[in-house]
Amino acid sequence: YIYMWQEPLGTILQISIEPPAPPALEVETMIGERLAAADVVVLEDPVGSARFPGEEMSRWSHAGLSCFVPCAAKGKTIAVLAIGRKENGEPLHSEDMGLLGAVAGQVATALENARLYRQLELKASELDRVRAFNENIVECLGAGLFVLSQPTISPTLVRLRGELLGRMRNAKWHTWSAASQSNTRE
């Protein structure tokens with residue numbers, strides 16, 4: 001089983017490859033606290049498991065799980081691998097635990113990369129929306145817009161500047177005043 005830490009929500013998402021679904025893993029439990037601290041929890045270790053409440057231990061042993069391996073990135077647990085015994089019923093050995101630790105590191109890297117890639121996609125999408133919005137505003141300005149002392153001017157601004165300069169050369173200039181406005185109303 002894989003448990004995914006949902007940091008902003010403060011919850012843990014369960015991912016099960018095959019039924020039955022695993023028991024819920026809560027951060028507020030003793031095991032959850034150890035995993036949040038990126039510590040491996042071996043339920044069959046008599047010394048290590050003595051610090052966990054009996055009901056917590058029995059819930060996981062009834063589910064067929066014998067250890068939890070945290071997948072940590074940048075010192076934070078982002079997922080947990082929940083592992084049972086080997087198919088032949090033997091407990092996991094130190095070599096198995098070493099391999100699981102290496103796999104957990106790779107899982108953490110892959111999950112962190114996916115999260116960062118998603119953030120990058122969201123930022124790029126937001127940037128595209130803002131750029132389109134700004135271009136729309138600029139295109140809607142009939143009077144024109146000048147940006148002076150700007151090292152890069154977008155093609156839209158160059159086009160608008162040319163159109164505006166052409167209009168200004170051909171425009172008939174009128175002087176407006178309060179007096180001329182009152183004359184036109186009469």
Side-chain angles (χ1 to χ4, degrees), residues 1-136 151-152 154-155:
Y1 304 118
I2 297 177
Y3 291 92
M4 298 286 298
W5 244 250
Q6 301 287 315
E7 194 60 42
L9 305 175
T11 59
I12 300 174
L13 174 69
Q14 303 172 48
I15 301 171
S16 176
I17 297 172
E18 59 187 46
L25 175 62
E26 291 114 21
V27 180
E28 298 81 24
T29 62
M30 295 287 289
I31 290 176
E33 289 174 4
R34 299 301 311 161
L35 294 170
D39 293 333
V40 173
V41 174
V42 180
L43 300 175
E44 296 176 344
D45 175 22
V47 176
S49 63
R51 59 185 137 170
F52 303 118
E55 65 272 0
E56 209 173 340
M57 296 294 293
S58 65
R59 180 174 62 163
W60 296 113
S61 63
H62 287 308
L65 299 174
S66 61
C67 71
F68 296 95
V69 182
C71 304
K74 298 179 185 172
K76 290 177 56 178
T77 299
I78 58 173
V80 174
L81 301 176
I83 311 294
R85 288 178 164 245
K86 294 181 182 181
E87 282 189 17
N88 61 8
E90 289 183 23
L92 299 172
H93 301 287
S94 60
E95 297 86 20
D96 300 322
M97 294 304 294
L99 179 62
L100 284 172
V103 168
Q106 295 296 317
V107 168
T109 300
L111 291 172
E112 183 67 8
N113 286 345
R115 185 189 66 79
L116 291 171
Y117 185 78
R118 178 67 180 146
Q119 281 183 342
L120 185 61
E121 279 183 328
L122 291 173
K123 291 290 183 187
S125 174
E126 181 182 343
L127 182 61
D128 286 341
R129 281 193 315 271
V130 168
R131 183 177 296 127
F133 179 75
N134 287 343
E135 294 257 339
N136 189 26
T152 58
S154 73

* Provide the closest heavy-atom pair for G84 versus L92 in the form atom of the first, atom of the second, distance. => O-CD1, 3.9 Å
* Structure fact -> Residue set satisfying side-chain contact (heavy atoms from CB on, under 4.5 Å) with H62, at least two apart, ordered chain then number -> S58
* To do: Work out which heavy atom in A104 is nearest to a heavy atom in V69; give both atom names and the distance.
  => CB-CG1, 3.6 Å
* Rounded to the nearest 0.5 Å, how far does OG of S66 lie from NZ of K86? -> 10.5 Å
* Structure fact -> Rounding to 0.5 Å, atoms CD (Q106) and CG (L111) come to a distance of 11.5 Å
* Structure fact -> The side-chain contact (heavy atoms from CB on, under 4.5 Å) partners of E33 (sequence neighbours excluded) come to M30
* Carefully, step by step, assess L100 and V40 under the rule side-chain contact (heavy atoms from CB on, under 4.5 Å). => CA-CA 10 Å; L100 284 172; V40 173; over 6 Å; no
* Hey, could you give me the CD1/CG distance between I83 and D96, rounded to the nearest 0.5 Å? => 10.5 Å
* Asked: Partners of R118 by salt bridge (Lys or Arg N to Asp or Glu O under 4.0 Å), sequence neighbours excluded?
  -> E121
* Is there a side-chain contact (heavy atoms from CB on, under 4.5 Å) between L116 and E112 once you walk through the steps? -> CA-CA 6 Å; L116 291 171; E112 183 67 8; 4.0 Å; yes
* If you round to the nearest 0.5 Å, how far is CE of M97 from CG of D45? -> 9.5 Å
* Asked: Are any side-chain N or O atoms of N134 and backbone N or O atoms of R131, one a donor and one an acceptor, separated by less than 3.5 Å?
  -> no
* Asked: CG of L35 to CD of E26: how many Å apart, nearest 0.5 Å?
  -> 12.0 Å
* **By side-chain contact (heavy atoms from CB on, under 4.5 Å) - contacts of A108 (at least two apart)** => C71, A73, I78
* Asked: CZ/R59 to CG/L65 distance, rounded to the nearest 0.5 angstrom?
  -> 10.5 Å
* Pairs meeting criterion salt bridge (charged side-chain N to carboxylate O under 4.0 Å, His left out) with involvement of residues 47-58, two or more places apart -> none
* Quick one: side-chain contact (heavy atoms from CB on, under 4.5 Å) partners of M57, sequence neighbours excluded? -> L43, S49, F52
